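Positions are given from 1, in the same order as the sequence printed here. All figures in this text were calculated on a predicted structure; none of them were measured in a lab.
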Amino acid sequence: MSAASDLHVVLGAGGARGGAVVRELTARGRRVRAVGRTLAARPDVETLRADAATPAGAEEACAGAAVVYHCASPAYHRWAWKFPPLTATIADATAAQGAKLVFADNLYMYGPVDAPMTEDLPYAARDSQGVVRARMAEALLSRHHAGDLRVALGRASDYYGPGGVNTIVGDTVFGAAAAGKVARWVGRLDQPHTLSYLPDMARALVVLGEDARGDGRAWHLPAAEALTGARFLDLVFAQAGRPARTASVGRPMQRVLGLVNPTVRALGETWYQRDRPFVSDSGRFTETFGPFDPTPHPEAIAATLDWYRARAAEGSSPA
């Protein structure tokens with residue numbers, strides 16, 4: 001890699017998080033390579049179809065990079081055996097370029113908690129999804145401290161926003177509300193839950209990519225205030241301009257649905273995120289990098305609903 005490289009590589013650019021990072025980088029005027037296994041060509045960025053799970057694909061994707069944003073992810077129920085080798089392969093390719101790796105992480109490694117989550121919490125997860133997240137974080141940070149790879153980890157809770165389909169509040173909440181159907185919240189409706197807005201996540205991840213103070217640590221990314229499921233659904237229907245039609249998916253229903261849906265079945269291991277407060281504290285991020293105003297939920301929800309309506313209209317348009 002040239003010392004003067006200014007190339008930002010986004011892996012998983014066809015997904016919700018990667019797509020949001022690409023949009024944030026292009027809005028900042030950065031030189032971007034968007035990488036995914038299936039991507040449409042774009043006039044504003046370099047696009048590359050490659051499989052970053054393979055050494056050759058990762059090497060091609062990361063060539064010449066200054067910063068690599070790891071937003072790629074296997075299917076939820078396949079994390080345990082597919083995520084670690086994917087991340088190790090990406091880390092190797094990034095290190096070979098002398099580039100910095102920014103990993104779009106989450107909060108699973110902490111396990112059940114009884115207070116707002118901070119970066120100082122121990123990795124106490126015992127479920128397979130949480131354990132694999134802990135192991136990847138430990139491996140990446142170990143490489144950083146060994147001087148092998150520059151790393152920053154950006155952790156966020158469940159997300160929503162334009163492009164956010166494969167998320168706990170995707171089609172089951174926003175898609176349903178936009179279509180006037182029943183929106184279903186997974187878990188208890190009376191417990192506060194941090195929900196991150198995709199453009200805010202992307203903005204914070206780029207801060208980590210461009211500021212050396214982010215190196216060698218995990219950071220909780222800023223998000224708007226935690227809301228109960230009931231309050232969040234009320235806001236969704238208020239912005240949709242429709243009478244609220246809501247329901248919750250409790251543990252018994254999750255078990256039944258999990259018999260035929262492996263993704264829903266995997267949610268059972270992390271049900272502690274659904275039956276009690278699940279709140280992220282991002283104070284360390286703002287103390288280090290300065291003020292960060294997350295998008296207020298009403299504004300973020302309105303933008304998400306607009307995206308879902310446009311998506312539905314495109315799907316119903318004649319060929």
Side-chain angles (χ1 to χ4, degrees), residues 1-39 42 44-74 82-106 133 135-156 198 201-219 221:
M1 181 192 74
S2 167
S5 174
D6 61 353
L7 176 64
H8 294 252
V9 172
V10 183
L11 306 179
R17 294 173 303 171
V21 172
V22 169
R23 289 189 290 274
E24 176 65 24
L25 288 166
T26 55
R28 294 180 180 221
R30 306 299 189 260
R31 188 162 71 96
V32 180
R33 177 185 297 144
V35 182
R37 288 180 296 176
T38 57
L39 279 179
R42 294 179 48 162
D44 54 341
V45 301
E46 176 189 350
T47 55
L48 173 66
R49 292 184 180 182
D51 184 357
T54 67
E59 180 181 353
E60 181 183 13
C62 298
V67 184
V68 175
Y69 297 87
H70 175 7
C71 301
S73 176
K82 285 201 168 185
F83 221 152
L86 168 67
T87 297
T89 299
I90 290 170
D92 288 343
T94 305
Q97 295 298 317
K100 177 176 178 177
L101 182 65
V102 178
F103 182 33
D105 204 357
N106 69 9
R133 284 289 186 170
R135 288 176 178 169
M136 288 192 297
E138 289 168 342
L140 290 174
L141 292 174
S142 292
R143 292 187 70 163
H144 176 91
H145 295 307
D148 175 49
L149 172 69
R150 289 178 63 204
V151 172
L153 311 181
R155 292 180 177 160
L198 280 165
M201 288 174 58
R203 181 159 50 108
L205 288 169
V206 172
V207 168
L208 295 182
E210 297 190 333
D211 194 322
R213 290 176 295 175
D215 293 9
R217 301 190 71 166
W219 303 87
L221 307 182

*Do other residues, nucleotides or ligands put more than 12 heavy atoms under 6.0 Å from the CZ atom of Arg37?*
no
_Arg135 CZ: over 12 foreign heavy atoms closer than 6.0 Å_ = no
*Distance in Å, Ser73 OG paired with Leu11 CG, rounded so as to fall on 0.5 Å steps*: 12.5 Å
*Taking all heavy atoms of Thr87 and all of Met136, pick out the closest pair and write down the distance.*
OG1-SD, 3.2 Å
*How about Val22 and Arg42: do any of their side-chain heavy atoms sit closer than 4.5 Å?*
yes
*Which atoms form the tightest heavy-atom contact between Arg33 and Ala63, and what is the distance?*
NH1-O, 2.8 Å
*Please report the closest heavy-atom contact between Asp211 and Lys100, naming both atoms and the distance.*
O-NZ, 3.2 Å
*Could you tell me whether Glu59 atom CD has more than 12 heavy atoms of other residues or ligands within 6.0 Å of it?*
no
_Min side-chain heavy-atom separation Val206-Leu25 under 4.5 Å_ = yes
*Are the charged groups of Asp6 and Arg30 less than 4.0 angstrom apart, N to O?*
no
*Straight-line distance of Arg28 CZ to Thr26 OG1, nearest 0.5 Å*: 11.0 Å
*Any idea which heavy atoms bring Pro74 and Leu86 closest together, and the distance?*
CD-CD2, 4.0 Å
*Please say which of Val68, Leu140, Val151, Ile90 ends up in a side chain to side chain contact (heavy atoms under 4.5 Å, CB included) with Phe103.*
Leu140
*asked:* Tell me which pairs pass side-chain hydrogen bond (donor to acceptor under 3.5 Å, both in side chains) where either residue lies in residues 8-23, with sequence neighbours left out.
replied: His8-Tyr69
*Does Arg49 use its side chain to pair, donor to acceptor, with the backbone of Thr38 at less than 3.5 Å?*
no
*Is there a donor-acceptor pair under 3.5 Å between the side chain of Trp219 and the backbone N or O of Gly214?*
yes
_How long is the straight-line distance from CG of Leu101 back to CZ of Arg150, given to the nearest 0.5 Å?_
11.0 Å
*Locate the shortest heavy-atom distance separating Leu208 from Gly154; write the atom from each residue and the value.*
CD1-CA, 3.7 Å
*So which heavy atom on Ala95 is nearest to which on Leu149, and how close?*
N-CD1, 3.7 Å
